[in-house]
Amino acid sequence: MSEKTIPILPCRTIQPVLDFYTTLGFEATFQQKIPNPYAVVQRGGIQLHFFGMKHHEPAESFSTCIVQTDDVDGLHETFRTRLKAAYGRVPNRGLPRIGPLKNTSHGARQFLMTDPGGNCIRIGQQTSDNQHHRPAPKETFARALHHASLLADSKQDLAAAAKIIDRALRLQEERPTPVQLLRLLVLRADIATRVGDEETARSATAAATAVHLTSQEQDSVHDDLDRLTQLLD
């Protein structure tokens, strides 16, 4: 027996979605206008189907799907490069948008991409056989990073994530290590950018840039430093 699952995702109109995915290197393999708007895009082993729904609100959409790959870093770089060539910048807020690449607490390395229909495509590569979320650390700043990352990416509750980081950064009786500070500031800048808070984004990126790290510490936060470079671009 051979089975395959293919998600069917909503959008208000088909064409902007097709344009977005063809920009990423997908091929539109099928399109139907009547009796109901419907389209299919494919890139390698990734196949997505879309249906048009007149009253669909992309900004309020909860539709999502997971794409598993064995080269998440390569896909992320390819998609960012293609989007920048098409739009003149890498869209990181609004619709469409693409998020940073990061290691998760549930044994995967992934990034989130949201298309013009508001569909969140979670593209990831398994890095552990244990797919359960790791328990939250007990240490103050590691715990803040853990919860803020989950809220920002898994739940996409950006306000709650920002609140956790701001509270941690205001602490006087405890101070984060340079690595923790860098990671908190980069995530805060990323969240601010995604919600259009340019003042906070500038402040957080400036503070992150000023954090001194040893070469060994820089190696341990490679993804965060990449994201900082993207935010400064």
Problem set entry | side chain to side chain donor-acceptor pair (under 3.5 Å) partners of Gln47, counting only residues at least two apart |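 Per chain and number, Gln47 pairs via side chain to side chain donor-acceptor pair (under 3.5 Å) with Gln42, His49.
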
Show which residues join [X] in its hydrophobic cluster (side-chain heavy-atom contacts under 4.5 Å, direct or indirect), or state none.
X	answer
Phe62	none
Leu151	Ile164
Phe30	Ile8, Tyr38, Val40, Phe51, Met53

Exercise. Would a 4.5 Å heavy-atom cut-off, applied to side chains only, mark Asp226 and Leu101 as touching?
Worked result: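 The answer is no; the side chains never approach within 4.5 Å.
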
For this session: Flag the pair Gln230 / Arg80 as yes when at least one side-chain heavy-atom distance between them is below 4.5 Å, and no otherwise.
Result: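 When only atoms from C-beta onward are counted, Arg80 and Gln230 do touch, with a gap below 4.5 Å.
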
Gap separating the [atom1] atom of [X] from the [atom2] atom of [Y], nearest 0.5 angstrom:
X	Y	atom1	atom2	result
Glu139	Gln180	CD	CD	4.5 Å
His56	Thr13	NE2	OG1	10.0 Å
Leu48	Phe26	CG	CZ	5.5 Å
Leu150	Leu145	CG	CG	11.0 Å
Leu181	Leu169	CG	CG	6.5 Å
Thr205	Leu185	OG1	CG	9.5 Å

How far apart are the closest heavy atoms of [X] and [Y], and which atoms are they?
X	Y	value
Pro58	Pro116	CB-O, 3.4 Å
Ile14	Gly52	CD1-N, 3.9 Å
Leu112	Asp153	CD1-O, 3.2 Å
Gln125	Val72	OE1-N, 3.1 Å
Leu158	Ile191	O-CG2, 3.7 Å
Arg194	Ala152	NH2-O, 3.0 Å

For this session: Start with the C-alpha distance between Leu24 and Met113, add both sets of side-chain angles, then the distance that settles side-chain contact (heavy atoms from CB on, under 4.5 Å), and finish with yes or no.
Result: CA-CA 11 Å; Leu24 295 176; Met113 182 175 69; 3.6 Å; yes

Problem set entry | Qualifying ring-ring contact (aromatic ring centres under 6.0 Å, His included) pairs with a residue from residues 141-196, counting only residues at least two apart or across chains |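 Every candidate ring-ring contact (aromatic ring centres under 6.0 Å, His included) pair involving residues 141-196 fails, so no pair, neighbours aside, qualifies.
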
Exercise. Quick one: ring-ring contact (aromatic ring centres under 6.0 Å, His included) pairs with a partner in residues 88-126, sequence neighbours left out?
Worked result: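 Only His76-Phe111, His106-His133 qualify under ring-ring contact (aromatic ring centres under 6.0 Å, His included).
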
For this session: May I ask you to check whether Gln15 and Asp19 show a side-chain donor-acceptor distance below 3.5 Å?
Result: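 Yes, Asp19 and Gln15 have a side-chain donor paired with an acceptor closer than 3.5 Å.
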
Problem set entry | Ser203 and Glu199 side chains, donor-acceptor separation under 3.5 Å |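 Glu199 vs Ser203: no donor-acceptor pair found between side chains.
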
For this session: Before giving the answer on side chain to side chain donor-acceptor pair (under 3.5 Å), spell out for Glu77 and Thr81 the whole-Å C-alpha distance, their side-chain angles and the decisive distance to 0.1 Å.
Result: CA-CA 6 Å; Glu77 179 61 28; Thr81 299; 3.3 Å; yes

Problem set entry | side-chain hydrogen bond (donor to acceptor under 3.5 Å, both in side chains) partners of residues 161-171, not counting sequence neighbours, each pair once |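 Matches after skipping sequence neighbours: Asp166-Arg188.
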
For this session: Using the side-chain hydrogen bond (donor to acceptor under 3.5 Å, both in side chains) rule, collect all pairs that involve residues 108-119, keeping only residues at least two apart or in two chains.
Result: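 Every side-chain hydrogen bond (donor to acceptor under 3.5 Å, both in side chains) pair that includes a residue of residues 108-119, provided the two are not neighbours, is Tyr21-Asp115, Ser63-Asn119, Asp73-Arg109, Asn103-Arg109, Arg109-Asp223, Asp115-Asn119.
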
Exercise. Has Leu171 got more than 12 heavy atoms of other residues, nucleotides or ligands less than 6.0 Å from its CG?
Worked result: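 Yes, CG of Leu171 has more than 12 neighbouring heavy atoms, counting only those of other groups under 6.0 Å.
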
Exercise. Crowded around Glu174 CD? As in, over 12 foreign heavy atoms under 6.0 Å?
Worked result: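 Yes, enclosed.
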
Exercise. So Ile46 and Leu75, side-chain contact (heavy atoms from CB on, under 4.5 Å) or not? Walk me through it.
Worked result: CA-CA 11 Å; Ile46 307 172; Leu75 276 182; 4.3 Å; yes

For this session: Mind running side-chain contact (heavy atoms from CB on, under 4.5 Å) on Thr22 and Val41 for me, showing each step along the way?
Result: CA-CA 8 Å; Thr22 53; Val41 298; 5.6 Å; no

Exercise. For Thr140 and Glu173, what are the C-alpha separation, side-chain angles and deciding distance, and is it a side-chain contact (heavy atoms from CB on, under 4.5 Å)?
Worked result: CA-CA 11 Å; Thr140 300; Glu173 64 275 15; over 6 Å; no

Can you give the donor-acceptor pairs under 3.5 Å from side chains of residues 82-95 to other protein atoms, not counting sequence neighbours?
residue : atom : partner : partner atom : Å
Arg82   : NH1  : Thr23   : O            : 3.3
Lys84   : NZ   : Asp233  : OD2          : 2.9

Sorted by first residue and then second, give each salt bridge (charged side-chain N to carboxylate O under 4.0 Å, His left out) pair with at least one member in [range]; sequence neighbours left out.
range	answer
residues 120-130	none
residues 50-71	Arg12-Glu57
residues 30-40	none

Problem set entry | Exam field: side chain Arg143 to backbone Pro137, donor-acceptor pair closer than 3.5 Å |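 At least one qualifying donor-acceptor pair exists.
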
Exercise. Is a side-chain N or O of Thr64 found less than 3.5 angstrom from the main chain of Ile121, in a donor-acceptor match?
Worked result: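 No.
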
For this session: Verify the cluster assignment for Ile6 and Ile66: are they in a single hydrophobic cluster under the rule of side-chain heavy atoms below 4.5 Å apart?
Result: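 As far as the 4.5 Å side-chain criterion goes, Ile66 and Ile6 are not connected within one cluster.
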
